[in-house]
Structure formats: structure tokens, C-alpha cells
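By convention in this document, chain letters (A, B, ...) are assigned in the order of the sequence lines, proteins followed by strands, and residues within each chain are numbered from 1. As the structure is a computational prediction, the values presented were derived from the model and not from experiment.
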Number of protein chains: 2
Amino acid sequence: MEKKLLLLGILRRQEMHGYQLSEFIDNNLSLCTDLKKPTAYYLLDQMAREGWISAETTQEGNRPPRRVYQLTPAGEATFQRLLREQLAQYSPINFPGDVSLAFLDGLPAQETLNLLAEQRAALLTRLEEISAIHAHTGSLSLVFLHQTHHLQAELGWLDEVISGLQTQSSVHQAEA
Amino acid sequence: MEKKLLLLGILRRQEMHGYQLSEFIDNNLSLCTDLKKPTAYYLLDQMAREGWISAETTQEGNRPPRRVYQLTPAGEATFQRLLREQLAQYSPINFPGDVSLAFLDGLPAQETLNLLAEQRAALLTRLEEISAIHAHTGSLSLVFLHQTHHLQAELGWLDEVISGLQTQSSVHQAEA
DNA sequence: TCCTGAATAGTCAAAATTGACTATTCAGGA
DNA sequence: TCCTGAATAGTCAATTTTGACTATTCAGGA
């Protein structure tokens with residue numbers, strides 16, 4: 001449901017057509033969600049059928065006609081309801097990368113360490129990337145700050161795992 | 001792909017049939033992924049067609065026949081490849097809850113604070129829940145530790161957001 | 001003994017999501 | 001002028017995921 005909330009929240013500030021919405025999300029809200037274009041159109045259709053938004057077909061110059069969506073009063077009510085719901089609950093998250101943590105013993109310790117070092121580098125790159133993006137857009141600070149906070153925590157976690165493995169493997173070496 | 005890695009990793013330790021796998025994931029690996037039963041069957045079918053696992057139909061007593069899957073050598077090779085891939089990369093995560101952070105101004109400040117307090121309580125409950133689960137299974141520590149680490153970081157984040165809003169709204173009150 | 005409800009094993013149609021595609025417009029250089 | 005490649009706007013078939021269902025077995029009480 002949080003994808004619909006996102007679309008409603010954007011349309012609430014400004015009416016838009018599908019392509020515009022999808023672009024906007026890609027450019028400014030990629031940290032929140034990875035809503036793809038066809039999914040956006042699918043959800044817009046659905047919400048129009050539910051009466052949360054209404055479509056108006058417009059034509060500029062001799063460009064092909066576009067469907068511009070805007071919130072209805074029902075849509076505004078739904079937006080508020082969904083926002084309250086989301087704010088009040090905690091939605092658990094699964095880290096896809098944890099699958100590999102569960103099978104760390106499937107590889108030699110030294111190789112694992114090398115691969116984790118690569119992951120760590122990728123994580124740092126990601127941190128720099130999003131800092132750069134935020135520097136020149138400046139908007140939606142909370143989402144950006146959250147992601148940064150999270151990435152920093154992940155860095156701490158990775159370092160714990162790595163140093164844990166290091167002591168473990170040096171103990172093994174000492175034993176051998 | 002990480003769902004296939006998960007299935008391969010489990011089958012690698014012990015051959016199983018679909019229902020068994022799905023149960024095992026629900027009971028022990030729910031922190032990693034939320035793979036549903038029909039998805040598991042779907043992926044098993046696919047992997048069987050790709051030759052990563054092979055099925056053997058068995059019958060115990062007069063229970064209905066079951067398909068028991070085991071890794072093939074090709075499956076073992078794929079497991080290793082996928083594991084290396086996953087370990088070496090960082091996969092970015094979107095927090096679905098961040099959508100509501102982007103629209104915090106859609107509600108009165110005081111209500112937002114109340115709702116966030118609810119979310120904080122839910123987060124604490126979750127922390128206790130998974131600690132309890134882990135206490136009596138004791139397995140898969142890394143995944144558990146990661147999740148705990150993450151929840152603690154989220155708690156810190158939520159507290160930052162809440163206290164930020166509090167100062168903001170008290171400034172407003174002072175101004176009024 | 002018979003019945004009920006839980007556990008086991010899996011299937012299926014419907015819903016959601018995606019990659020790849022079409023078609024038009026427009027800006028700028030050859 | 002004409003051509004090429006990017007930007008705009010959206011669609012579609014195929015894949016993936018899910019909620020809800022079926023069907024059998026079994027344990028325990030009435």
C-alpha cells in the first residue's frame with residue numbers, strides 16, 4: 001500500500017501525468033522505493049477506478065494526448081488514512097544480503113574476507129553517491145538522513161563481521 | 001536470485017521436499033526473507049528445469065507421494081557462484097516506511113508525534129520478539145545479530161526524528 | 001467407533017511487477 | 001534540408017508472487 005501512498009502524496013502537491021510521476025520518483029525518491037514505470041501506470045489506473053484520483057485528458061500543441069491525474073476528496077481522505085497507518089506501525093525489513101551470511105561456511109575463510117572487503121568498498125561508494133545526489137537537490141532531507149544513518153550502521157555491522165572472521169581464522173591458523 | 005541461493009543453500013545441507021523447505025524457512029529464516037510457499041514451489045520447479053536440483057518421488061506408508069529435491073553438481077557450482085556474487089556486492093535497501101517520512105507535513109505536528117511514539121513501541125516489541133525467538137533456537141547467529149544491530153540503529157534514528165520534531169513544534173509554540 | 005480439528009503436501013487462478021517494446025516530438029549538426 | 005539521437009509518453013506480453021483453496025492423514029475426545 002505504501003506505493004499508492006507515495007503516488008497520492010505526490011499528486012496531492014501537484015497534479016501530474018504518469019510519465020511525469022515516474023520520472024519524479026526516479027529522480028527524487030529513489031531512496032524510498034523502486035517503483036517502475038509500468039507499475040506506476042498500473043496503480044494509477046487502479047486508484048482512478050477506486051475514485052481516489054480523477055483523470056483529465058489534455059493535449060498540448062500537436063503532442064499526443066496525456067492523462068493528467070489529480071486527487072479527489074476521497075483520495076485526500078485515503079492519503080490521510082494511509083499516512084496515519086504507516087506512521088503508527090513498524091514494518092520489518094529483510095536484508096536480501098543476509099542469505100549469504102547464513103552460508104558463510106560454504107567458502108574458505110580467506111576468500112570470504114576478500115569478498116566482504118569488496119562489499120565494504122561498494123557500501124562506501126554508495127554512501128558517497130547518495131551524499132553527492134543530496135548535495136545538489138537538497139530536498140527530502142529526512143529520507144536522505146535515514147538512508148545515511150542506515151548505511152553508516154551497515155558499515156559498522158560489516159566491520160564487526162569482518163573482524164570477527166579475522167580473529168576466528170587467525171585462531172585456526174594458530175591451532176594448525 | 002537470493003531466494004534461489006537460499007533454497008540451494010538449504011538443500012545443500014539436506015535434501016528436502018517443498019513443504020519441508022517452506023516450513024523450515026518460515027520457522028528459522030524468516031529474518032532473511034519472506035519467501036511464501038507457492039513461490040518456493042515455483043522456484044524449485046524452475047531450478048529443476050535448469051538442472052540445479054533433481055527430484056525424486058517417494059512414498060511413505062500410504063501418504064500421498066512427495067517430490068524430494070537434492071542438489072546436482074551443477075547446483076553446487078551455482079550455489080558457489082551465487083554466494084560469491086552476493087558476498088561481494090552491496091544491495092541497496094528501500095525502507096517502505098520512508099514514504100511517510102516524506103509527507104510528515106501532511107498531519108498536525110502533535111499527531112505525528114503520537115503516531116511515531118506508537119511506531120517506536122512497535123519497534124521495541126519487535127526487538128523483544130526476535131530476541132525471544134533466538135534465545136530458544138540459538139542458530140544462525142549472524143542473521144540474528146544483523147537484524148538486532150539494525151533494529152537498534154532504527155531505534156536511534158526514530159528517537160532523533162522524534163526529538164527533532166519536538167524542538168521544532170515547541171519553537172512554533174513559543175512563536176505563537 | 002466416529003467425528004473434529006490440526007498437520008501435511010501441494011495447487012491454482014488472480015494480482016503485481018518487470019523488461020522490452022512502440023510511437024511521436026524535438027534539437028542540433030552534416 | 002535531412003538525419004540522428006535523445007526525450008517524451010505510454011503499452012504489452014511475460015514473469016513472479018500471492019491469497020485462497022483442495023485433499024489426505026492422523027491424534028484425541030465424545
Item to check | Presence of salt bridge, A:Glu76 and A:Arg81, under 4.0 angstrom | outcome: no

Discussion item. So that I can tick it off, tell me whether A:Glu50 and A:Lys4 are bridged by a salt bridge, with the cut-off set at under 4.0 angstrom between side-chain N and carboxylate O.
Written reply: yes

### Task
Answer yes when A:Lys37 and A:Glu23 have at least one side-chain N-carboxylate O distance shorter than 4.0 Å, and no when they do not.
no

B:Met16 CE to C:dT8 P, in whole Å, measures 13 Å

field: Short side-chain N/O contact to D:dT16 OP1/OP2 from B:Thr39, under 4.0 Å
entry: no

A:Asp34 atom CG is separated from C:dT17 atom P, nearest whole Å, by 10 Å

Review point. Using a cut-off of 4.0 Å on non-hydrogen atoms, how would the nucleic acid contact of A:Gln20 be classed: base, sugar-phosphate, or nothing?
Key: nothing

Rounded to whole Å, CG of A:Leu6 lies from P of C:dA16 at a distance of 17 Å

DNA chain D nearest-nucleotide lookup for B:Gln46 and B:Lys37: closer to the 5′ end is B:Gln46

* To do: Tell me whether the OP1 or OP2 atom of C:dT17 has a side-chain N or O from A:Lys3 closer than 4.0 Å.
  => yes

ask   = Within the structure, does a side-chain N or O atom of A:Tyr41 lie under 4.0 Å from either OP1 or OP2 of D:dG10?
value = yes

Side-chain atoms of A:Pro38 come closest, of D:dT11, D:dG10, C:dG10, to D:dT11

From CG of A:Leu7 across to P of C:dT17 the rounded distance in Å is 11 Å

A:Asp26 atom CG is separated from D:dA7 atom P, nearest whole Å, by 14 Å

Given the options B:Leu35, B:Asp34, B:Leu29, B:Val143, A:Asn94 meets side-chain contact (heavy atoms from CB on, under 4.5 Å) only with B:Asp34

Please state whether the phosphate of D:dT24, meaning OP1 or OP2, lies under 4.0 angstrom from any side-chain nitrogen or oxygen of B:Arg66. no

Strictly below 4.0 Å: does B:Tyr42 bring a side-chain N or O up to OP1 or OP2 of D:dT16? yes

Side-chain atoms of B:Glu23 come closest, of D:dT17, C:dG10, C:dT8, to C:dT8

Would you please confirm or rule out a distance under 4.0 Å between OP1 or OP2 of C:dT18 and any side-chain N or O of A:Lys36? yes

Atom CD1 of A:Ile25 and atom P of C:dT17 are separated, to the nearest Å, by 13 Å

B:Leu43 CG to D:dT15 P, in whole Å, measures 14 Å

Under 4.0 Å between a Lys/Arg side-chain N and an Asp/Glu carboxylate O for B:Arg13 and A:Asp105?
yes

B:Tyr19 OH to D:dT24 P, in whole Å, measures 17 Å

_Could you check whether B:Asp159 pairs with B:Arg120 (Lys NZ or Arg NE/NH1/NH2 to Asp/Glu carboxylate O, under 4.0 Å)?_
yes

Flag the pair A:Phe95 / B:His146 as yes when their ring centroid distance falls below 6.0 Å, and as no otherwise. yes

Note to self: Taking the six-membered ring for Trp, are A:Tyr41 and A:Tyr19 closer than 6.0 Å centroid to centroid?
What the structure shows: no

Stems of at least 3 consecutive Watson-Crick or G-U wobble pairs (donor-acceptor distances under 3.5 Å) involving DNA chain C, listed by first number, are C:1-30 with D:1-30

